[in-house]
Protein chains: 2
Amino acid sequence: MNTTRSGRPALTRPDGTPLRVLVVDDDPDLAEVLSGALRYEGWQVRSAGDGASALTEARELMPDAVVLDVMLPDTDGFAVLRSLHTVKPDVCVLFLTARDAVEDRIAGITAGGDDYVTKPFSLEEVVARVRGLLRRAGMARQLDEGPRLTVGDLVMDEDSHEVTRAGELIELSPTEFELLRFLMRNPRRVLSKAQILDRVWSYDFGGRAHVVELYISYLRKKVDAGREPMIHTVRGAGYVLKPVTP
Amino acid sequence: MNTTRSGRPALTRPDGTPLRVLVVDDDPDLAEVLSGALRYEGWQVRSAGDGASALTEARELMPDAVVLDVMLPDTDGFAVLRSLHTVKPDVCVLFLTARDAVEDRIAGITAGGDDYVTKPFSLEEVVARVRGLLRRAGMARQLDEGPRLTVGDLVMDEDSHEVTRAGELIELSPTEFELLRFLMRNPRRVLSKAQILDRVWSYDFGGRAHVVELYISYLRKKVDAGREPMIHTVRGAGYVLKPVTP
DNA sequence: CGAACTTCTCAGGACCCTCTGAACCGGGGG
DNA sequence: CCCCCGGTTCAGAGGGTCCTGAGAAGTTCG
């Protein structure tokens, strides 16, 4: 069976081969980071720096999904989208757009089921969105069923953003939600504060690791409140999320 | 079973194969957006930019429905319609027309069971109209029953435009109706303001996402008034419609 | 032509989220 | 015993998101 570098079972194409993703961004550092994060999911990744090479790469790779910066040196996102669809009509696209350019020309982009995130984003968010796109497109053979993430009696529905523990509803802020999602996707594994910071916080975040401790404390209050704790501290190493009865 | 990219069961042809739709518009951006929205419904879509290529595409695709711009560079929509009918006599047509265009000529055409929408339109509207055309033509085997949409005790009849909650009639303005329809077609799923804007508002709308908040507030006053709320805000993410008892 | 309605902009304000700084806590080592 | 260290928690500033009311412009309809 196909497994990710992270040890989790990979989300694969219906025929069992790894999902193929193309990353298009003119900032090579960002493209590299994104590629790394997606490759970590066990997917086959290639990247391009402009619209023209994006097309040639797409023709070769025949990607299931494309992560596409809207601002490219040669063409605009809409034109690339059109050409991509002529190459592979059922391709999913996740657009990356600058916060201040928001809404200026997103019109219609999400209409086809495609999605977008605004810069600066967190890697966890991008990965989650791509997964969501592929899942909804029926492109991914889901090894776990549906949009549900389960660890012990803790359940997260990624579509409705609902989180319950032992059936009780838990209200979370956006950052709390993303942090918990990251923990739940890596259960029984110690995650260092640096790792968490890299994945859950946006790449331009300047703050210290102290926020992670803070948000872990918030989560404990909501998730572990009065119950058998699932979030554990490993001194000098990081944090683990574990079901109460392994 | 054939499912849409949105996860809903697809509206299929009587023999179970996906419905086939041809989009004809000379604005490539608009054609792209329309194709995307229709493809998202699980239908097989092709597009053309003028009357001549529309015919060749039609001969190949044998579409069940055609979305047809009345103003084309080479011929006018009515000529195309006539040729289409020689290719496939029982094809349904949804005309796209400018607001100030001659509506009386259109009126004659729609007598034949065809329909039209005026530019600028919302994607939700176009998709709903095409669905309606096919349903009425008996072209579509309806997997869910009829023109009725139900979420909890909230019921919408798409044909009569009647909406009731717990049997009580709710009066809605056109925009409120379309917004609610979009929510009801995607229950238990967080919809971002951008997503809603792309789908429910016309493609040329220049305003900000703030209107969505406003209309959600209107809907709440009518749908949730004094009752257990069904419309929920997910801060930083969007809105969800959920039945009170899942 | 006027009335009712619909849509959208604007502005005020409430509330929530995030992050900083500092106090606190408990264990281990000097 | 005291101090250091990693971790936890509290309090609060500031910034942002979201809600709502008022009203202007446009549209529909009698």
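Throughout, a chain's letter reflects where its sequence line sits, starting with A, and its residues are numbered from 1. Just so it is clear, the structure is predicted and the values come from calculations on it, not from any experiment.
What separates CZ of B:R220 from P of D:dG21 is a distance of 13 Å, to the nearest Å. Rounded to an integer number of Å, the gap from A:L219 CG to D:dT8 C1' is 14 Å. Between A:I231 atom CD1 and D:dT8 atom P the separation is 10 Å, expressed in whole Å.
When heavy atoms are screened at a 4.0 angstrom cut-off, A:L214 is found touching base atoms of the nucleic acid. At a threshold of 4.0 angstrom between heavy atoms, the contacts of A:Y239 are confined to the sugar-phosphate backbone, with no base atom among them. A:Y218 comes within 4.0 angstrom of a nucleotide base, judged by non-hydrogen atoms across all strands.
Counting only distance, with no hydrogens or angles, the side chain of B:R220 and the backbone of B:I231 share a donor-acceptor pair below 3.5 Å.
For the residue pair B:D198 / A:T110, a side-chain donor-acceptor distance below 3.5 Å is found, with atom types taken as modelled.
The residue among B:R235 and B:L172 whose nearest nucleotide of DNA chain C lies closer to the 5′ end is B:L172. Mapping B:E213 and A:G238 onto DNA chain D by nearest heavy atom places A:G238 at the nucleotide closer to the 5' end.
The side chain of B:K221 contributes an N or O atom lying less than 4.0 Å from OP1 or OP2 of D:dG21. At the phosphate of D:dT17, neither OP1 nor OP2 sits under 4.0 Å from any side-chain N or O atom of B:T233. Remark: B:S217 is not in phosphate contact with D:dC19, judged by side-chain N or O atoms under 4.0 Å from OP1 or OP2. For B:K193, no side-chain nitrogen or oxygen approaches OP1 or OP2 of D:dT17 to under 4.0 Å.
In this structure, B:W201 has its ring center closer than 6.0 angstrom to the ring center of B:Y215. A centroid separation of 6.0 Å or more is found between the aromatic rings of B:Y239 and B:H232.
Test A:E176, A:E158, A:H161 against A:R181 for side-chain hydrogen bond (donor to acceptor under 3.5 Å, both in side chains) and you get one pass: A:E158.
The base of D:dT17 does not come close enough to the side chain of B:H210 for any donor and acceptor atom to sit less than 3.5 Å apart.
Counting heavy atoms from C-beta outward, A:L191 and A:V240 have side chains that stay 4.5 Å or more apart.
The footprint of chain A on DNA chain C, defined by a heavy-atom cutoff below 4.0 Å, extends from C:dC17 to C:dG26.
Under 4.0 Å is where a charged nitrogen must lie from a carboxylate oxygen, and between B:R136 and B:D114 no such pair does.
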